[in-house]
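The block underneath contains the structure these notes are about, expressed in structure tokens.
Reminder, nothing fancy here: chain letters follow the sequence lines and each chain counts from 1. What's counted below: heavy atoms across the whole structure, side chains too, no hydrogens, waters or symmetry copies.
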Amino acid sequence: MNFPSLDHIEKTDITQFQQDLLNWYKEEKRDLPWRYDQDPYKVWVSEIMLQQTRVDTVIPYFERFIEQFPTIEALAEAEEEKVLKAWEGLGYYSRVRNLQAAVKEVHEQYGGKVPDTKEAISSLKGIGPYTSGAILSIAYGVPEPAVDGNVMRVLSRIFSIWDDIAKASTRKVFEEAVRRIISKEDPSSFNQALMELGALICTPTSPACLLCPVRDHCHAFHEGTADELPIKTKKKNMRHVHLAAAVLQTEGGEVLIQKRPESGLLANLWEFPNTELSGHGHPKVELELFLEREYGIESTLDKEPFAKIQHVFSHLTWDIDVYKGTMASSVPARERSRLVSSEEVEQYAFSVSHQKIWKQAKKNGWNHS
DNA sequence: TAAACGTGGTG
DNA sequence: TCACCAAGTTT
């Protein structure tokens, strides 16, 4: 390891740092619904939801989720459809499929008790190095590091660590740093305080150093380099995909929907029939060929799309031409598809991109034949 | 190691 | 407006 200020840190400095941080946390910590108790299940659910997701976004999802699935057993026995619906709009949907799979394993293999060892908990689906440390420390008081983006930002400044936090290998550097300074008396509060500080004071841009409870311990504050840390490279090469989608209705007003594949993007979520465009033929023609091939539908699509929707993911952009059409009310031949009434549509879990399609359909394309 | 994997907020 | 961000994990 190579962070001079940390190598030479004194035991008394560590004690003072812990005290300043924990006193601040005790006074300033937010009143969040997953902090009402230390139920390992609730800690677990909150940590999964909070992965790459803001606190304000998570709160209402967490409250609904716990109300609907209050215990390990409740979630283990729930239908995946219900679980996905509860996650609808939160994103990174593999999180919740992994969570339910892991909860089932805990229910069956561990008698419904969340394991309390690093090895056992890390073997569960969806629980990586951060989440295992978070659950162990917060739910069980085990002094394990829980290094997320906040912790790397805060500690990069405090110890003047210039490693690139975008690199996977850098996390270990910060885990080692945490091991040296974590409070053995209250690892739960210590880990949460580090993250809370990152969220409220030691923010990515314009950190509020003058309000910081540990600025006296902060190398970057003394050097005036807080605005330059942490080092984070990484660019995303945005990929564009052009799609055509169909909102097909029967004379009875039912709509054709289909379920996405079990893996990959938006796995197992529902959507309107659609196809990726090659860019060669007309979108309408390519969509008609798809509908005939997959469903045997002689579709009667409108000449022009009633909506053009753009949806931006973290790593790609969809541009969707949406067509309205009619179809016979016979049962769809394709697997993983259904004909549902317009009221029933909203009982299924859709990605936000396809919620946009449905919203436009109701506004523009519906009730005209 | 790097890319896949969502979404809504923000300067 | 738009690139970047937010309590990461999997492959």
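Using a 4.0 Å heavy-atom criterion, one finds that A:L32 contacts the bases of the nucleic acid, with or without backbone contacts as well. As judged by a 4.0 angstrom heavy-atom cut-off over every strand, A:V151 is placed among residues making no nucleic acid contact. At a threshold of 4.0 angstrom between heavy atoms, the contacts of A:R35 include nucleobase atoms, whether or not backbone atoms are also involved. Within 4.0 Å of A:V58, counting heavy atoms only, lies no atom of the nucleic acid at all. Note on A:S169: only backbone sugar-phosphate atoms sit closer than 4.0 angstrom, heavy atoms only; bases stay farther off. Residue-level contact check: A:G198 touches neither bases nor backbone, having no heavy atom under 4.0 Å from any strand. Here A:L266 lies in heavy-atom contact (under 4.0 Å) with sugar-phosphate atoms only. Looking at heavy-atom distances under 4.0 Å, A:T57 makes no contact with the nucleic acid at all. As judged by a 4.0 angstrom heavy-atom cut-off over every strand, A:S46 is placed among residues making no nucleic acid contact. At the heavy-atom level, A:R239 lies nowhere under 4.0 Å from the strands shown. Residue-level contact check: A:W318 touches neither bases nor backbone, having no heavy atom under 4.0 Å from any strand.
The footprint of chain A on DNA chain B, defined by a heavy-atom cutoff below 4.0 Å, extends from B:dT1 to B:dG8.
A side-chain donor from one of A:T131 and A:Q51 sits under 3.5 Å from a side-chain acceptor of the other. With hydrogens and angles left out, the side-chain atoms of A:R97 and A:S263 include no donor and acceptor closer than 3.5 Å. A side-chain N or O of A:Y130 and one of A:E47 form a donor-acceptor pair less than 3.5 Å apart.
With a 4.5 Å cut-off on side-chain heavy atoms, A:Y140 and A:V43 do not count as touching. Side-chain contact between A:E144 and A:R179: present, with at least one pair of heavy atoms (C-beta onward) separated by less than 4.5 Å.
For the pair A:M49 CE and C:dT9 C1', the computed distance is 17 Å after rounding to whole Å. Rounded to whole Å, the distance from NE2 on A:H315 to P on C:dC4 is 17 Å. Atom C1' of nucleotide C:dT9 and atom CG of A:L90 are separated by 16 Å, given to the nearest angstrom. In this structure, A:Q52 atom CD and C:dT9 atom P are separated by 9 Å, rounded to whole Å. Summarising the geometry, the separation between CD1 on A:I127 and P on C:dT11 is reported as 14 Å, rounded to the nearest angstrom. As rounded to whole Å, 9 Å separates atom P of C:dG8 from atom CZ of A:R95. The CG-P distance, from A:L50 to C:dG8, rounds to 8 Å in whole Å. The distance between atom CE of A:M195 and atom C1' of C:dG8, rounded to the nearest whole Å, is 12 Å.
Taking the six-membered ring where tryptophan is involved, the planes of A:W358 and A:F272 are essentially parallel, since the angle between them stays under 30° and well short of 60°.
Residue order along DNA chain B, read from the 5' end via each residue's closest nucleotide, puts A:A168 first among A:L269 and A:A168. For the pair A:K232 and A:P129, both in contact range of DNA chain C, the more 5′-proximal nearest nucleotide belongs to A:K232. Position along DNA chain C of the nearest nucleotide to A:S122 versus A:E196 favours A:E196 as the more 5'-ward residue. Residue-to-nucleotide proximity on DNA chain B shows that, of A:K167 and A:Y92, the 5′-proximal contact is made by A:K167.
In this structure, A:K125 does not pair ionically with A:E105, as no charged nitrogen and carboxylate oxygen lie closer than 4.0 Å. Ionic pairing of A:K172 and A:E176 is not present here: no N-O contact between side-chain nitrogen and carboxylate oxygen is shorter than 4.0 angstrom.
Nucleotides C:dC2 and B:dC5 have their P atoms positioned 24 Å apart, rounded to a whole Å. On the P atoms, C:dT11 is 13 Å away from B:dG6, given to the nearest whole Å.
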Identify every side-chain donor-acceptor pair in residues 75-86 of chain A under 3.5 Å, counting partners at least two apart or on other chains, and give the distances.
residue	atom	partner	partner atom	Å
A:E80	OE1	A:N268	ND2	3.0
A:E81	OE1	A:W270	NE1	3.2
A:E81	OE2	A:K259	NZ	3.0
A:K85	NZ	A:E88	OE1	2.8
A:K85	NZ	A:E88	OE2	3.3
A:K85	NZ	A:E346	O	2.7
A:K85	NZ	A:Y348	O	3.1

